[in-house]
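What follows is one structure encoded as C-alpha cells, with my remarks underneath.
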Amino acid sequence: MPRYLITSALPYISDAKHLGNLVGSMLPADVYARFLRLRGEDVLYICATDEHGTPAELAALNAGLEVSEYCRKQHAVLKGLCEGFFLAFDHFGRSSSPQNHELTKHFADMLERNGLIEERTTQQMFSVAENRFLPDRYVVGTCPHCGYTGARGDQCENCTNLLEPGDLIEPRSSVSGSTELEMRETKHLFLRQSLMTDRLRAWIEQHEDWPVLVRSIALKWLDEGIKDRSITRDLKWGIPVDRPGFENKVFYVWFDAPIEYIGATKEWSDAHPAGRDWKSWWVDPADVRYVQFMAKDNIPFHTVTFPATIMGSGEPWKLVDFVKGFNWLNYYGGKFSTSGKRGVFMADALELLPADYWRYQLMANAPEGADATFTWEIFADTVNKDLADTFGNFVNRVVKLVAMHFEAKVPAYGEATTEENDLLEGLREHGGALTASLESLQFRKAVQSLKAMWASGNIYLDRTAPWKSIKADRDAAGHVLAVSINLIRVFATASLPFIPDTGARVLRALRIGPGSSRWLPGDFSSELRLATAGSPVDDPGVLFKKVLPEDVAAWSARFAGSERR
RNA sequence: GCCUCGGUAGCUCAGUGGUAGAGCAGGGGACUCAUAAGCCCUUGGCCGCAAGUUCAAAUCUUGCCCGAGGCACCA
C-alpha cells in the first residue's frame with residue numbers, strides 16, 4: 001500500500017491570501033488528504049510559509065519591524081487562518097527554519113560538487129537612496145516602445161513588450177520613487193540547468209497523465225531552451241551563501257522555497273523524532289506517491305527548476321509523481337486584487353460565514369479546466385441550493401420526523417422495499433463516481449457526485465412519504481426513517497473531505513464520532529442497517545443558513561474594491 | 001510578437017467521430033415531514049465564424065474573430 005506525500009504551494013508571507021489562493025492549492029490538497037485519510041491511507045500533508053525575498057523585506061520595513069519579527073507574526077496570522085478553514089496539515093512550517101537553512105546549503109553544496117554551479121557577474125539596477133538592488137519589476141519608468149509612463153523593468157503592461165530595466169526612460173524605484181538609480185555589477189551563482197535539459201525532458205515526457213495545463217507549460221520551457229538561472233540575490237534576509245565574496249548575499253527565494261517541502265517535513269520529524277522519520281518520505285522511498293498542488297504561476301518552478309535542483313544533487317531525493325495545477329479564480333471576471341482590496345480574503349470570509357460554506361462553494365467551482373469566476377450570486381445559489389436545501393434540509397426533515405413520531409430514537413427496521421433498491425443503485429453509482437473523481441483529483445466532478453448522492457435521499461423520502469404512511473402503517477414509516485438515518489450517516493461521511501466541520505457535527509448527532517467513520521463502501525446494502533434500532537438521534541440544528549439577497553447586495557458592495565474594472 | 005488553453009441552453013459548465021447534456025434560473029403539476037424546502041414534468045441551443053477531411057464533425061484539419069494565461073530572475 002503506497003504512502004501519500006502531499007504538498008501545497010507555499011503561501012508567501014507578506015500578502016493577504018484571497019479565495020483564489022486558497023482554492024488554487026491549499027484547499028484542494030486538504031480535500032485530497034482528508035479523502036485519503038478516511039480511506040485509511042498513510043498520508044503526510046505538508047505546507048509552510050514562504051518567507052524570503054524582496055517583498056518580505058519591504059513589507060517589514062513598511063510595518064516598522066525587523067524582518068524576522070515581521071515573518072514570525074505573519075506566520076502566526078496565516079497559520080490561524082488555515083486552522084480557521086480546517087486545513088489539516090500534518091505540519092505548517094517556515095522556509096526560514098534552521099532545517100531549511102541546512103537543507104538549502106546542502107543542495108547548493110551538492111550542485112557545486114557536481115559542477116552545476118557557476119559564478120557569473122551581472123548588471124543589476126541599484127538604488128542609492130535605498131541602498132538596495134532592485135528586482136527588475138521594482139524599477140518603473142517610461143516605455144521606449146509606446147511611451148507608457150508606468151512601464152515596469154521587466155515588461156510594459158501597456159504594449160506587452162518585454163523590457164530590461166536599462167531600457168526604461170527616466171527610471172525610478174517603485175518602492176521609494178527615487179530616481180537615483182545606477183547599474184552596478186554584482187556577482188551571482190547560477191544553476192546550470194541547461195546541462196540537465198535532456199533529463200528534464202525525459203522525466204516530464206514520461207508523465208503523460210499530468211494535466212494539459214501542467215505539461216504544456218513545462219514543455220514550453222523546454223522547447224524554448226532551459227536557461228541557466230541565478231540562485232542568489234543581494235539581500236540581507238534569507239539563507240546566507242557561505243562563499244568568499246558572497247557575504248551580503250542570500251539564496252534566491254525560489255531556490256530555497258521548494259526545498260522547504262523537505263525542510264518542513266524535517267521540522268515535523270524533529271518535533272517528535274521517536275515516531276517520525278522525514279527521510280523515509282524523501283530519500284529514495286519506494287512506496288511514496290508524491291502529489292503537489294499549485295496554481296499555474298508556480299508550475300515552471302515545480303516542473304523544471306526544483307526538479308533540476310533535485311536531479312542535480314545526484315542524490316535519490318523523491319521527485320513529484322503528480323502535479324495538480326489550477327487556473328485562476330477571478331472576481332466578477334476581473335482579478336482578485338491584494339493592493340486594491342478587491343475580492344474576498346480569507347480573513348473576510350471567516351468573518352462572514354463558517355469555513356464549510358466557503359470550502360464547499362470553492363471546490364464546487366474550482367478553476368480546474370479553465371479560469372473560474374467567483375460572484376456572490378453564484379456563491380448564494382450554490383450554498384442555498386446544495387448545502388441548505390439539498391443536504392441540510394434532508395437531515396432536518398428526517399430528524400424532525402423521527403423526533404415527532406419515534407421519540408427521537410432509531411425506529412425498527414422492516415422489509416426492504418422497491419424504493420430502497422433504486423436508492424441503493426443511486427448510491428452505488430454516485431458513491432462510486434465520487435470515489436473515482438477524488439482518486440483522480442477531479443474536484444468539480446466529485447462535488448457533482450456528492451450533490452447527486454444527497455439528492456437521492458430526498459427522492460427516496462418523497463417516494464416513500466413516511467409522513468403519510470405513519471397514519472396507516474407505522475412500521476413501514478419507521479423502516480423508511482431508520483434507513484434515512486443511515487443515509488444521513490453515509491451522506492455526512494461522503495461530505496467529510498469537503499465540509500469536515502459540518503460532517504463531523506452530523507455524525508456526532510447520530511452518536512458516531514468522526515474517528516469511527518470510514519470512507520464509502522462499494523456496496524451499500526448492509527450500510528443502511530447499521531444504526532441500532534432504539535438508539536437516540538440528536539437534532540444537529542440547522543446545518544446551513546441561507547445567503548439572503550440582502551447579503552449578496554451588501555457583500556458585493558463591500559468587496560468591490562477601490563479599483564475600477 | 002511567439003506559444004498554450006478556452007469560446008456548447010439566460011448563467012456556470014460537462015461532453016473528443018455516430019440522432020446535442022447536467023446543475024441553477026424560467027414555466028407547469030401533485031404533495032406537505034422540512035430551512036416556502038423537497039419531488040415529478042417541462043420551455044430553451046445554426047455547439048464563436050468560414051472552409052476542408054469523412055458515409056457521418058461540438059468532436060479531426062486549416063484560416064479568421066473573441067477571451068484568458070505563459071514567455072524565466074515578481075513571488
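Every chain is numbered from 1 and lettered A, B, ... according to where its sequence line falls, protein lines coming before strand lines. Computation of the quantities below employed the complete heavy-atom set of this structure, encompassing side-chain atoms and omitting hydrogens, waters and symmetry-equivalent molecules. What you see is a predicted model, and the numbers here were worked out from it, not measured in a lab.
- When each of A:F443, A:F379, A:F391, A:W454 is paired with A:Y360, the ring pair (Phe, Tyr, Trp, His ring centres under 6.0 Å) condition holds for A:W454 and for no other.
- In this structure, CG of A:N330 is placed 12 Å from P of B:U12, rounded to the nearest angstrom.
- Residue contacts shown for A:I226 include a base, since a base heavy atom lies under 4.0 Å away.
- Rounded to the nearest Å, the gap between the C1' atom of B:U59 and that of B:A37 is 40 Å.
- Taking 3.5 Å as the limit, the base of B:A75 and the side chain of A:W254 contain a donor-acceptor pair of atoms between them.
- Between A:F92 and A:H75, the angle of the ring planes stays under 30°, which puts this pair in the parallel group of the 30/60° scheme.
- If you check every strand for non-hydrogen atoms under 4.0 Å, A:D386 touches nothing.
- No engagement by A:D539 is indicated, since no non-hydrogen atom pair under 4.0 Å with the nucleic acid exists.
- Residue-level contact check: A:W328 touches the backbone only, with heavy atoms under 4.0 Å from sugar-phosphate atoms and none from bases.
- A:P300 comes within 4.0 angstrom of nothing in the nucleic acid, heavy atoms only.
- As the counterpart of B:G1, B:C71 is assigned, both hydrogen-bonding distances of the Watson-Crick or G-U wobble pattern falling under 3.5 Å.
- Checking A:S440 against A:K445 by side-chain atom types alone, no donor-acceptor pair falls below 3.5 Å.
- By the 6.0 Å contact criterion, CG on A:N248 is open, its count of non-hydrogen atoms from other residues, nucleotides or ligands being 12 or less.
- Going from the P atom of B:A57 to that of B:C47 covers 13 Å, rounded to whole Å.
- Among the atoms of the strands shown, base atoms are found under 4.0 Å from some heavy atom of A:F190.
- Atom pair A:L58:CG and B:A75:C1' shows a separation of 12 Å (rounding to whole Å applied).
- Among the protein residues, A:F301 comes within range of the nucleic acid bases, having at least one heavy atom under 4.0 Å from a base atom.
- The distance from atom CD of A:Q442 to atom P of B:C13 is 16 Å, rounded to the nearest whole Å.
- Both distances falling under 3.5 Å, in either a Watson-Crick or a G-U wobble arrangement, place B:C39 opposite B:G29.
- Across the C1' atoms, B:C13 and B:G28 are found 26 Å apart, a figure rounded to whole Å.
- Straight-line distance between the C1' atoms of B:G48 and B:C66: roughly 7 Å, to the nearest whole Å.
- The partner of B:A22, taking Watson-Crick or G-U wobble pairs whose two distances both stay under 3.5 Å, is B:U12.
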Which nucleotides of nucleotides 31-41 of chain B have their base under 4.0 Å from a protein heavy atom (B), which only their sugar-phosphate (S), and which neither (-), written as one string 5' to 3'?
-> -SBBB-SBSS-

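- Rounded to whole Å, the separation between the C1' atoms of B:A68 and B:U61 comes to 24 Å.
- If you check the side chains of A:S95 and A:N100, you find no donor sitting under 3.5 Å from an acceptor.
- As rounded to the nearest Å, B:G52 and B:C11 have C1' atoms that lie 34 Å from one another.
- We find that CD1 of A:I204 is positioned 17 Å from P of B:U4, with the value rounded to whole Å.
- Protein atom CD1 of A:I299 is 11 Å distant from nucleotide atom P of B:C71, rounded to whole Å.
- Judged purely by distance below 3.5 Å, without hydrogens or angles, the side chains of A:E420 and A:H479 pair a donor atom with an acceptor atom.
- Ion pair A:D551/A:K546 not flagged as a salt bridge, since none of the NZ, NE, NH1 or NH2 atoms sits closer than 4.0 Å to an Asp/Glu carboxylate oxygen.
- Going from the P atom of B:C41 to that of B:A22 covers 11 Å, rounded to whole Å.
- With a cut-off of 3.5 Å on both pairing distances, B:A34 has no Watson-Crick or G-U wobble partner at all.
- The pairing partner recorded for B:A57 is none, the criterion being a Watson-Crick or G-U wobble arrangement whose two distances lie under 3.5 angstrom.
- One atom, NZ of A:K451, and another, P of B:C13, lie 14 Å apart when rounded to the nearest Å.
- What separates CG of A:D50 from C1' of B:C74 is a distance of 12 Å, to the nearest Å.
- Look at CH2 on A:W376: it is 22 Å from P on B:C24, rounded to the nearest Å.
- Across B:G63 and B:C3, the matching P atoms stand 10 Å from one another, rounded to whole Å.
- In this structure, a donor-acceptor pair under 3.5 Å is absent between the side chains of A:T186 and A:Q124.
- In this structure, A:A257 reaches neither bases nor backbone, as no heavy-atom distance under 4.0 Å exists between it and the strands shown.
- Heavy-atom nearest nucleotides on RNA chain B were determined for A:Q448 and for A:K296, and the one closer to the 5' end corresponds to A:Q448.
- Ion pairing between A:D422 and A:R463 holds under the 4.0 Å rule for side-chain N and carboxylate O.
- In this structure, A:F326 has its ring center no closer than 6.0 Å to that of A:W328.
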